[in-house]
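This is a predicted model, so every value here is computed, not measured. Throughout, a chain's letter reflects where its sequence line sits, starting with A, and its residues are numbered from 1.
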Number of protein chains: 2
Amino acid sequence: MVTIGDVAREAGVSRSTASYALSGKRSISEPVRLRVAEVAKSLQYTPNAGARSLATSQTKVIGLLAQFLEDEFAPAMLQYILGVSNTARELGYDVLLVTEPDGTAALRRISDSRMIDGIVLLNVAEDDARLEVLRAAQQPGALVGLPKDTRGVDVFDLDFEEAGREMVEHLHRLGHRELILASQPEHVVERGGAYVWRLQNAAAAAAAARGITLHTAFAPASQPEVGTALHELLDTYPDATALLVNNEAAAAALPSVLNARGISSPRDLSVLGRYSDEFARTFSLPFSSIESAPDRLGSMAVRQLVRRIEGEIGPGDPFVTRFVAPEIVDRGSTAPPR
Amino acid sequence: MVTIGDVAREAGVSRSTASYALSGKRSISEPVRLRVAEVAKSLQYTPNAGARSLATSQTKVIGLLAQFLEDEFAPAMLQYILGVSNTARELGYDVLLVTEPDGTAALRRISDSRMIDGIVLLNVAEDDARLEVLRAAQQPGALVGLPKDTRGVDVFDLDFEEAGREMVEHLHRLGHRELILASQPEHVVERGGAYVWRLQNAAAAAAAARGITLHTAFAPASQPEVGTALHELLDTYPDATALLVNNEAAAAALPSVLNARGISSPRDLSVLGRYSDEFARTFSLPFSSIESAPDRLGSMAVRQLVRRIEGEIGPGDPFVTRFVAPEIVDRGSTAPPR
DNA sequence: CTCCGGTGTCGAACCGGTTCGATGGTGGTG
DNA sequence: CACCACCATCGAACCGGTTCGACACCGGAG
C-alpha cells in the first residue's frame with residue numbers, strides 16, 4: 001500500500017508539502033507541484049479513505065435508505081436508486097445502499113459511526129419513524145416523498161395533488177363524464193403512503209367541481225389479483241369511459257385485461273396512468289401517463305443534499321419542499337368518448 | 001461527537017482499557033467491563049468508522065458493482081442487488097453500490113482507497129475488463145456470472161447448460177418434437193453475455209441427441225419490438241408446439257402476444273421460461289420457468305466473499321466456481337402437444 | 001518471608017491522512 | 001545596505017480508534 005509518505009519521500013519533500021501539492025490548498029512552487037504529481041501518478045497513489053475521513057470528517061459517501069415494503073412495486077424503486085446513485089457519482093460521492101427492514105436502526109448505525117456525509121430517504125411515509133432519527137443526526141438529510149412534518153429536511157416529491165387534478169381535467173376536456181380511479185392497495189395508505197390520498201382527493205375535488213363522476217377504488221398490488229380487480233371495476237361501472245391508474249401493478253396488468261375483454265384503448269376506454277417513462281418502455285405500456293420522474297426526484301434530492309453537505313447552504317438556510325410538476329406523456333391512450 | 005476517550009474518562013479508565021473492555025480482546029475485570037459498557041451505552045458511544053478502519057484495515061463494507069447495460073432487463077438486476085445487500089447485512093457488512101458505467105475506474109477507485117473489504121461483481125461478461133483490475137486488487141472478489149478466466153475469484157452462476165438441456169428434455173418427455181427458443185438479443189451476446197450461448201448450445205445439443213427440431217432466435221429486449229418478434233417466430237414455425245424463452249422482456253410480452261393470437265398455454269403452446277419466481281409473481285407470468293435464483297446467487301457470492309475477507313479461507317485455498325442447479329418451477333404452462 | 005506467575009490496567013505508538021504555526025530564503029523598497 | 005513582506009516548505013499535532021509491551025498488584029508455593 002502506497003501512502004502519502006512514500007510519495008513525499010520519493011519526491012524529496014515533506015508529507016505536508018506533498019499533501020498541499022496534491023490538494024492545492026497552499027501555494028506550492030510549480031516544479032515541486034509537478035514532481036509530486038508525477039510521483040503520485042507513477043506510484044499509483046490513492047489516498048486512504050479512512051485516514052482522510054478521520055482527518056477531514058468527510059467521507060464522500062451518501063447513505064441511501066430504501067425500503068422494500070410488501071405491496072410496494074419493487075421495480076419502480078430501482079429507478080429512484082439509479083437516479084440517486086448516478087447523480088451522487090457525478091458530484092463526487094459514492095452511495096452506501098441500505099435495504100434493511102429496520103430503517104431507524106440502520107440510520108442510527110451509519111450516521112453515528114460517521115460512515116456518511118448525508119442521507120437520502122426513499123419511500124417516505126406520512127409519519128415516518130426514520131425522520132426522528134434523521135433530525136437528531138449530525139448529517140443533513142433529503143427525502144423523496146412527503147411526510148407530514150418536514151422540519152429539518154429537504155423534501156422532494158411529485159405534486160400528486162396537481163397530478164390528480166390534471167388527470168381529471170384532461171379527461172374532462174376530452175368530454176368524459178364518468179371516470180374510474182384505481183389506486184394503490186389500502187394497505188399502502190395505512191402504512192402512511194399519503195401520496196395515494198393526495199392524488200385521489202385532488203381528483204375527487206376536481207371531479208366534483210366540474211360536476212362529473214369519479215369512482216375510486218383501491219386495487220391490489222400483486223398479480224393476478226389486480227387483474228381480477230380491474231375486471232370487477234370495469235364490470236361495476238360499465239358507463240365509465242376512462243380509467244385512471246395510480247398503481248404500477250395495475251398498469252402492468254391492464255393490457256391483458258383489455259385484451260381479455262376484447263376492448264381497446266382509447267377507442268373503447270381512455271386510460272391515463274401515473275408511472276415513469278422508463279417503466280412504460282420496459283413493459284410496453286401503451287398508455288399515456290403522468291410522468292412520475294423517479295430519476296429526476298432522486299437527482300434533485302442528491303443535489304440539494306450535497307449543497308448542504310458542502311456548506312453552500314447552511315443549517316440556517318430554510319429547508320425546501322419542492323414538488324415536481326406532473327406532466328402528461330402522451331402515448332395516445334386518451335381520446336373523446338364514443 | 002462522543003469518542004472512546006469520553007467513555008474512558010467517564011468510566012475512570014484508560015482509553016486502551018475501554019477499548020479492551022468493549023472488544024473483549026483481553027481479559028478485563030468484571031466490574032470494569034460492566035462499567036465501561038454502561039457508560040458507553042449511556043453516552044450512546046458509536047465507534048468512528050474511519051478511525052476504526054484506519055487502525056484495523058477493515059471497513060466492514062462490501063463493494064457491489066452493478067452495470068446497467070443497454071438491452072439488459074433492469075428490473076431483474078434489482079433482485080441480485082437485494083440478495084447481496086440483505087445477506088451482507090446479515091453478516092455485519094454494509095454495501096457500497098456502484099452503478100457507474102466505467103466499471104474498471106470505479107473498481108480501482110473504491111479498491112485503492114480502501115473503502116471496502118471485498119468486491120462483488122454483477123453482470124459479469126465472458127471477457128470482463130473489470131476482472132483484470134479485480135485480480136490486481138488487494139481485496140478478494142466474488143462474481144455472479146461466469147467469465148472465461150476464473151482465476152483468482154470465486155464464481156457463482158446458474159448452470160445455464162444444464163438449464164438448456166433440462167428445458168429441451170422436459171418438453172421432449174412430454175412428447176414435443178419441434179421447439180422454438182427465443183434468446184436475449186444478439187447484442188447481449190456480442191457484449192460477452194455468454195450465458196445466452198451456454199443455454200442455447202446445450203439446448204441444441206440435447207435436441208440433436210434426441211432427434212428433435214429446435215429453432216433458435218435472438219429476440220429484442222425492448223418493447224414493443226419483442227412482441228412483434230414473437231409473433232414472427234410463431235408465424236415462421238407454425239408446427240412448433242413449444243416455446244422456450246431465455247429473455248425476460250419476451251416473457252413479459254408473451255401474455256399479450258398469446259392473447260392477440262387467440263391461443264392459450266399450455267393448450268395450444270407449451271411455454272417454458274428462465275426467470276425468477278419473484279419476477280413471475282410481479283408480472284403475473286403464468287408460465288413455468290427455470291428458476292434463475294438471483295437472490296440465492298447474490299447471497300452465495302457474499303457468503304463466500306465474507307469467508308475470504310475474514311480469513312476463514314485464505315488466498316491459498318482454491319477458488320470455487322459453483323453452479324446453481326436449474327430447477328423448473330411448474331406453473332402449469334407445459335403439457336403434451338395436441 | 002521471598003520469589004514467581006498470572007491477571008488487570010496503563011501509556012505509548014501506530015494507522016495515513018490534513019492543517020496550523022514557524023522558519024528560511026528571496027526580492028523589492030526606502 | 002537594512003528591513004520588510006511574502007512565498008515555499010517543514011515539523012508537529014491531531015483526528016479516533018487498536019494493540020503491543022510494561023508494570024503493579026495479588027495469591028500461592030517453597
K.L.:
Applying salt bridge (charged side-chain N to carboxylate O under 4.0 Å, His left out) to A/R33 and A/E30, what does each step give before you reach the verdict?
P.N.:
CA-CA 5 Å; A/R33 208 183 55 68; A/E30 196 58 11; 2.9 Å; yes
K.L.:
Please test A/R303 against A/E90 for salt bridge (charged side-chain N to carboxylate O under 4.0 Å, His left out), starting from the C-alpha separation and ending with a verdict.
P.N.:
CA-CA 10 Å; A/R303 283 182 204 286; A/E90 188 186 312; 3.2 Å; yes
K.L.:
Once you round it to whole Å, what is the distance between C1' of C/dG17 and CG of A/D6?
P.N.:
13 Å
K.L.:
With sequence neighbours excluded, what pairs up with A/E126 under the salt bridge (charged side-chain N to carboxylate O under 4.0 Å, His left out) test?
P.N.:
none
K.L.:
Going by heavy atoms closer than 4.0 Å, what residues in residues 11-37 of chain A are next to DNA chain C?
P.N.:
A/R15, A/S16, A/S19, A/Y20, A/K25, A/R26
K.L.:
Got a sec, which residues hit side chain to side chain donor-acceptor pair (under 3.5 Å) with A/E10, two or more places apart in sequence or on another chain?
P.N.:
none
K.L.:
If you count every heavy atom of other residues, nucleotides or ligands that lies below 6.0 Å from A/Q44 atom CD, does the total exceed 12?
P.N.:
no
K.L.:
With salt bridge (charged side-chain N to carboxylate O under 4.0 Å, His left out) as the test, would you mind laying out the steps for A/R130 and A/D102 before giving the verdict?
P.N.:
CA-CA 9 Å; A/R130 299 173 298 177; A/D102 185 350; over 6 Å; no
K.L.:
Examine B/R296 relative to B/F156 and say whether NZ or CZ is less than 6.0 Å from the centre of the six-membered ring and inside a 45° cone about the ring axis.
P.N.:
no
K.L.:
Within 45° of the ring axis of B/Y20 and under 6.0 Å from its six-membered ring centre, is that where the NZ or CZ of B/R15 lies?
P.N.:
no
K.L.:
What is the distance, rounded to the nearest whole Å, between atom CD of A/Q138 and atom P of D/dG16?
P.N.:
12 Å
K.L.:
Using 0.5 Å steps for rounding, measure from the OG atom of A/S53 to the CD atom of A/Q58.
P.N.:
10.0 Å
K.L.:
Angle between the two end axes of the helix from C/dC1-D/dG30 to C/dG30-D/dC1, five base pairs per end, rounded to 10 degrees?
P.N.:
70°
K.L.:
Within the side chain of B/R89, is there an N or O that forms a donor-acceptor pair under 3.5 Å with the backbone of A/V98?
P.N.:
no
K.L.:
Among residues 41-59 of chain B, which ones have heavy-atom contacts with DNA chain C below 4.0 Å?
P.N.:
B/L54, B/A55
K.L.:
Do you know which of B/I110, B/L97, B/V124 makes side-chain contact (heavy atoms from CB on, under 4.5 Å) with B/L65?
P.N.:
B/I110
K.L.:
Do any of residues 108-118 of chain B sit with a heavy atom less than 4.0 Å from DNA chain C, and if so which?
P.N.:
none
K.L.:
For A/K60, is there an ion pair with A/D117 - N to carboxylate O distance below 4.0 angstrom?
P.N.:
no
K.L.:
Rounded to whole angstrom units, what separation is found between the NZ atom of A/K60 and the C1' atom of C/dG17?
P.N.:
16 Å
